[in-house]
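Scroll down for the structure; my scribbles are underneath it.
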Amino acid sequence: MEAGIPFKNLHSREYQGHKKKVHSVAWNCAGTKLASGSVDQTARIWHIEPHGHGKGKDIELKGHTDSVDQLCWDPKHAELIATASGDKTVRLWDARTGGKCSQQVELSGENINITYKPDGTHIAVGNRDDELTILDVRKFKAIHKRKFSYEVNEIAWNMTGEKFFLTTGNGTVEVLAYPSLRPLDTLMAHTAGCYCIAIDPLGRYFAVGSADSLVSLWDISEMLCMRTFTKLEWPVRTISFNYTGEHIASASEDLFIDISNVETGRSVHQIPCRAAMNSVEWNPKYNLLAYAGDDKNKYQADEGVFRIFGFESA
């Protein structure tokens, strides 16, 4: 264990509220609120005290008529959040109004991936039919649609918003210019489908998680693979960099979440878990890692919980 964070002394706390499993967890830009999206058709917003002992009040965001598959906060506004659902809508909510939906737009398919452009002006949404829609946030209308001939998984902008990345079922990462969406590069990243992507908060790297059980780290300016993280044995479903860019968390159907050092590639800690994980995300200001998976109770019913690792006491 290198100098730095004493991971082995840190604890996880459990947050209950959803009726079914949690698909997605995401922090706001201030690191003070966490949102969770669930198969129970709701999202919830939790106020989290980074050094506190309380369990945090939550508000429920109700309105979707199908599973809330992914959600993301406005990168410039700590109270605004967008949710993507299987009900074909994308909805915008304001945490200050007690969870009222302020905008919604109906798209053409079941939405599974959503991400904000770093300046907060556009939202990209991917659906089950491999169609990408770009929304103008202010008007909350689609300004661009494109259907791809291959499986499109998680999507992301680089920090300047000039490049757009698609992970694909072919094991490639497609790099497009933005806003033209002109192809710039095809990276042969993995031997099996690429499922997830994360951008290093310092803007040096991006990481890709794949069905081949590896996480690859790429130099964003050179578009070259620097190293791979090899601790997991199952398809990598979700990855996240911590706020300093020193650590990367990755998770799968393995019954632990791996935390590795970005520069050495070495695993420094594993957080045990009881089920396959769907979503891990580090807080943007503190070393707190939220995670959610397919947890079941002893009667094999969904538990509807998520956890946060990194507290000094359980």
Side-chain angles (χ1 to χ4, degrees), residues 1-13 15 24-36 45-52 56 70-81 95 114-120 154 156-161 165 196-209 215-221 226-227 229 236 238-251 257-271 277 279-292 306-312:
M1 169 76 226
E2 60 238 68
I5 308 158
F7 286 119
K8 62 180 188 304
N9 302 335
L10 300 175
H11 301 270
S12 289
R13 291 185 192 164
Y15 296 79
S24 178
V25 285
W27 295 94
N28 71 349
C29 60
T32 54
K33 288 181 175 163
L34 185 97
S36 52
I45 295 174
W46 310 73
H47 187 80
I48 310 289
E49 290 280 341
H51 306 293
Q70 215 179 24
L71 34 75
C72 59
W73 292 84
D74 185 319
K76 298 287 186 207
H77 197 306
E79 305 291 347
L80 300 180
I81 184 167
I114 186 166
T115 188
Y116 258 96
K117 190 164 171 243
D119 65 3
E154 234 175 46
W157 270 279
N158 71 342
M159 286 176 83
T160 60
F165 298 89
C196 50
I197 185 165
I199 309 287
D200 155 43
L202 306 187
R204 307 160 298 174
Y205 306 122
F206 64 93
V208 177
V215 175
S216 57
L217 183 78
W218 296 76
D219 180 300
I220 210 161
S221 52
M226 311 284 290
R227 65 187 57 87
F229 304 90
V236 183
T238 174
I239 56 179
S240 178
F241 286 95
N242 81 323
Y243 75 101
T244 62
E246 291 169 278
H247 292 99
I248 187 164
S250 55
I257 297 161
D258 181 61
I259 299 175
S260 285
N261 180 296
V262 168
E263 292 305 329
T264 65
R266 277 203 296 271
S267 175
V268 295
H269 190 68
Q270 285 97 45
I271 304 166
M277 285 293 115
S279 181
V280 298
E281 194 171 87
W282 288 99
N283 184 297
K285 305 277 189 219
Y286 309 97
N287 280 312
L288 295 175
L289 181 74
Y291 57 100
F306 67 88
R307 292 177 179 84
I308 301 173
F309 169 80
F311 292 107
E312 272 147 34

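If you're wondering where the values come from, they're calculated on a predicted model, not measured in any experiment.
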For the residue pair Ile45 and Trp73, establish whether any side-chain heavy-atom pair is separated by less than 4.5 Å. yes

What's the shortest heavy-atom distance between Ser250 and Ile239, and which atoms? CB-CG2, 3.7 Å

Looking at Thr264, is its backbone amide N or carbonyl O close enough to the side chain of Arg227 to form a donor-acceptor pair, meaning the two atoms are under 3.5 Å apart? no

Verify the ring-centre separation between Phe309 and His269: is it less than 6.0 angstrom? yes

Is there a side-chain contact between His51 and Tyr286 in this structure, where contact means two heavy atoms from C-beta onward sitting under 4.5 Å apart? yes

Is the backbone N or O of Ala249 less than 3.5 Å from a side-chain atom of Ser240, with the two atoms forming a donor-acceptor pair by type? no

Going by the angle between their ring planes, with limits at 30° and 60°, are Phe7 and Trp282 parallel, tilted or perpendicular? tilted

Find out whether Ile220 and Phe165 are in side-chain contact, i.e. whether some heavy atom of one side chain is under 4.5 Å from a heavy atom of the other. yes

Quick one: does Glu312's side chain get under 4.5 Å of Leu10's, heavy atoms only? yes

Kindly indicate whether the side chain of Trp27, heavy atoms from C-beta on, has any atom under 4.5 Å from the side chain of Ile48. yes

Ile271 vs Ser12 side-chain heavy atoms within contact, under 4.5 Å: yes

Heavy-atom closest contact (Phe241 atom, Ala198 atom, distance): CE1-O, 3.4 Å

Kindly indicate whether the side chain of Phe306, heavy atoms from C-beta on, has any atom under 4.5 Å from the side chain of Leu34. yes

Between Phe206 and Trp218, how do the two ring planes meet: parallel, tilted or perpendicular, split at 30° and 60°? parallel

Checking Asn28 side chain against Lys33 main chain: does a donor-acceptor pair fall under 3.5 Å? yes

Between Cys72 and Ile81, what is the shortest heavy-atom contact and its length? O-CG1, 3.4 Å

Note: Pro118 and Pro75 closest approach over all heavy atoms is O-CG, 3.4 Å

Note: Lys285 and Cys29 closest approach over all heavy atoms is CE-O, 3.6 Å

Donor-acceptor under 3.5 Å (Glu281 side chain, Ala290 main chain): no

Note, Tyr243 side chain near Asn283 side chain (heavy atom, < 4.5 Å): no

Which heavy atom in Ser260 sits nearest to a heavy atom in Ser267, and how many Å separate them? OG-CA, 3.3 Å

